[in-house]
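Keep in mind that the numbers below use all heavy atoms, side chains included, and drop hydrogens, waters and symmetry copies. Naming: A, B, ... by sequence-line order, numbering from 1 per chain. Remember, predicted model here, so these are calculated numbers, not experimental data.
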Amino acid sequence: MSLRIYNRLSREKEEFTPLNPPFVGMYVCGPTVYGDSHLGHARSYITFDIVYRYLLNKGYKVRYVQNITDVGHLVGDRDSGDDKIEKQAKLEKMEPVEIAYKYEKSYFEDMDKLNILKPSISCRATGHIIEMIDLIKTLVDKGFAYVTDIGNVYFDVRSFKDYGKLSRRTLEEAKDGERIEAAKDKRYREDFALWKRADASHMMQWDSPWGSGYPGWHIECSAMSLKYIGDTLDIHGGGIENSFPHHECEIMQSESATGKPFVKYFIHHNMLTVNGTKMGKSLGNFIVLKDLFKKLDPMVLRFYILQSHYSSPLDFNEDALQSAANGFDRMKKSIFSLENFVKANNDGKENNAAYEDVDKLKNDFLEAMDDDFNTPIAISIIYEILKISNIELSNPKPNIDKLKYIKNIIDSFVSEILGFDMSDIKNDDCNINSLIEFLIDLRASYRKNKDFDMSDKIRDVLKDSGIILKDGVDGTSYIR
RNA sequence: GGCAACGUAGCCAAGUGGUAAGGCAGAGGUCUGCAAAAUCUCUAUGCAGCGGUUCAAAUCCGCUCGUUGCCUCCA
């Protein structure tokens, strides 16, 4: 079995062969830290978390680099306008660096809740101004960029022969869509800023050979990926909406500077919409993760997102969310039953037996993941494996070895590869779990003695306390 | 306006040439002190519509309709 990845450069599924196996260099565009993370971030970083986890699972040594954009990303994603961080800093009456740290922290908190693994390197743009200046210098020296009278540095897109190799746009098309007046000192309207001269009012600025200023948005990704991974990345990830202009610009900068291909496999995830339309601050359907998690288990969101393929558009709506929550709940219950049974009946013996029906599903799961990370199919196979487990559990004499075998596979697939945190219900402050366990045991003994008045009473009291008791196949489970 | 993607059951969603996975919701059995859980069966003769290619099409080609995205906010 070999991994196949849909490469946006070739627009085809290709077999994945890293440049220097077993090492894999993966770069993913990180957040611009000027606000709390939203649903779109969840989809993006869950997508690449799956890629990262699966590559690790296949035995690759992955260096996963993700940037933190804390300077240079201008409102409008263009070459003029306010810096997003500075704008927010003025709004909150804080230093730009305070804003950046605040929302970087917030970002990682949310990603932790979604059980997203930390990248191997998380690097801030402001920590790499020197690298960016060096890269810009190289581009100017090689004639791919030019310095204007007022001290701006632009990339000369007409010097790059493969313009549009990723987005498949031509310079002619670009002209048609132009709605914003280009800066006056550009030689050509599609040239983009590498370095901008700053006036005194600009809060963040650095010395450079072209005067005091700040970097353009695109250059940070090139500078940091070249520094930490090398001239050619095995994988570059990001959202499809950044395909143009951001990723296109990265390619032009990097390849012009190094003379080598910048990226082997470009992976783009598709958009997330809310109730059928694009999520936007101005549209009133903007969903911030911190708000959402007040009423939604982050694992349900993870499940919801992984139930559709990363390359398909995904709509977020109440009905679909509810069905995902129900489906996830059933999966979780089946896994609890399995784990509880194995825990209670573990004889500690090594188990070398193999089971054909389980092995077939095991292969199907891995085959689905190999096929461009097809998580919807992978999840459907989890249900089929759990069905075998449930049937075995309801046997009068369950096959312990088989259940142990299944448990190991489920642990690996559900927790490690799909990244679901299956740890039990979390307590807020005081630990009342043992108390609940005691009442459950007590009720079990009443039931055994057929004292159903008492057993039902315990169930009712617990229910009034918000604890729903359900008698599972192998014993009682409870839900708060 | 230019470019691109998508349209599969009540809902969500796989499937890119060989006869429609899985989840949710629904119906009916089995099991059970009751309830729940689990399990079994059923639920799209059809994949937006119309043509075409083929022994064979959800899948390839053409047209039409619809939705969404990028070129503005935004991952």
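- Distance check on atom P: B:A36 versus B:A75 gives 46 Å, rounded to whole Å.
- Going from atom CD1 of A:Ile391 over to atom P of B:U30 covers 18 Å, rounded to whole Å.
- Taking the six-membered ring where the residue is Trp, the centroids of A:Tyr154 and A:Phe192 are separated by 6.0 Å or more.
- The phosphate of B:G22 (OP1 or OP2) has no side-chain N or O of A:Lys387 nearer than 4.0 angstrom.
- Of the two residues contacting RNA chain B, namely A:Ser308 and A:Lys450, the nearest-nucleotide position lying further toward the 5' end is that of A:Ser308.
- Within the 4.0 angstrom heavy-atom criterion, no nucleotide atom of any strand lies near A:Tyr446.
- Heavy atoms of A:Ile379 sit nowhere under 4.0 angstrom from any nucleic acid atom.
- A:His247 has its ring centre no less than 6.0 Å from the ring centre of A:His218.
- Counting any heavy atom pair closer than 4.0 Å across all strands shown, A:Tyr383 reaches sugar-phosphate atoms only and no base atom.
- Residue A:Asn390 places at least one side-chain N or O under 4.0 Å from the OP1 or OP2 atom of B:U39.
- Between A:Asn270 and B:G69 there is no side-chain polar atom (N or O) within less than 4.0 angstrom of OP1 or OP2.
- Ring pair A:Phe303/A:Phe420 is tilted by interplanar angle, where 30° to 60° counts as tilted.
- Of all nucleotides listed (B:A21, B:A75, B:U39), B:A75 comes nearest to the side chain of A:Ser44.
- When the P atom is used for both B:C50 and B:U8, the distance is 16 Å, rounded to whole Å.
- Across B:A20 and B:C12, the matching P atoms stand 22 Å from one another, rounded to whole Å.
- Remark: B:A58 base-pairs with no nucleotide; criterion is Watson-Crick or G-U wobble with both hydrogen-bond distances under 3.5 Å.
- Candidate nucleotides B:U68, B:A14, B:C24 were compared by shortest atom distance to the side chain of A:Thr273, and B:U68 ranks first.
- Pairing for B:C34 is absent, judged as Watson-Crick or G-U wobble with the two contacts each under 3.5 Å.
- With P as the reference atom, B:C63 and B:C74 are 36 Å apart, rounded to whole Å.
- Closest to the side chain of A:Ile377, out of B:A14, B:G23, B:A75, is B:A14.
- Remark: the backbone N or O of A:Ser308 is not paired with any side-chain donor or acceptor of A:Ser312 at under 3.5 angstrom.
- Here A:Ser312 lies in heavy-atom contact (under 4.0 Å) with sugar-phosphate atoms only.
- In terms of polar N and O atoms assigned as donor or acceptor, the side chain of A:His38 comes within less than 3.5 Å of the base of B:A75 in a complementary pairing.
- Separating the P atom of B:G18 from that of B:G23 is a span of 24 Å, rounded to the nearest Å.
- B:G66 sits 46 Å from B:U30 when the C1' atoms are compared, rounded to a whole Å.
- Figure legend. B:G1 is base-paired to B:C71; pairs are counted as Watson-Crick or G-U wobble with both atom distances under 3.5 Å.
- The partner of B:A27, taking Watson-Crick or G-U wobble pairs whose two distances both stay under 3.5 Å, is B:U41.
- Shortest non-hydrogen contact noted between A:His246 and A:Cys221 is NE2-SG, 3.4 Å.
- Proximity note for A:Glu241 (side chain, C-beta onward) versus B:G22, B:A75, B:C71: the nearest is B:A75.
- A distance-only check finds no donor-acceptor pair linking the side chain of A:Asn317 to the backbone of A:Asn275 [under 3.5 Å].
- Here the side chain of A:Glu384 is nearest to one of B:A21, B:A13, B:A75, namely B:A21.
- Using Watson-Crick or G-U wobble geometry with both donor-acceptor distances under 3.5 Å, B:U16 finds no partner in any strand shown.
- The existence of a salt bridge linking A:Arg124 and A:Glu104 is confirmed by a sub-4.0 Å separation between a basic side-chain nitrogen and an acidic carboxylate oxygen.
- Within the nucleic acid shown, A:Gly327 comes within 4.0 Å of sugar-phosphate atoms alone, with no base atom in reach, counting heavy atoms only.
- Within the 4.0 angstrom heavy-atom criterion, base atoms lie near A:Leu272.
- Between A:Asn374 and B:G15, a side-chain N or O to OP1/OP2 separation shorter than 4.0 Å is present.
- In this structure, A:Arg330 reaches the B:C24 phosphate: one of its side-chain N or O atoms is under 4.0 Å from OP1 or OP2.
- Ion pairing of A:Asp456 with A:Arg459 is present here, as a side-chain N (NZ or NE/NH1/NH2) and a carboxylate O approach within less than 4.0 Å.
- Below the 3.5 angstrom threshold, one finds no donor paired with an acceptor across the side chain of A:Asp453 and the base of B:G33.
- Here the separation of B:A9 from B:G22, taken at their C1' atoms, is 14 Å to the nearest Å.
- A residue-by-residue look at A:Tyr304 and A:Gln322 shows that A:Tyr304 has its nearest nucleotide of RNA chain B further toward the 5' end.
- Heavy atoms of A:Lys278 sit under 4.0 angstrom from at least one base atom.
- B:G28 and B:C60: their C1' atoms are spaced 42 Å apart (whole Å).
- B:C63 is paired with B:G49 under the Watson-Crick or G-U wobble criterion, all donor-acceptor distances under 3.5 Å.
- Counting any heavy atom pair closer than 4.0 Å across all strands shown, A:Gly276 reaches sugar-phosphate atoms only and no base atom.
- For A:Lys333, counting side-chain heavy atoms from C-beta on, the closest listed nucleotide (B:A37, B:C11, B:G22) is B:A37.
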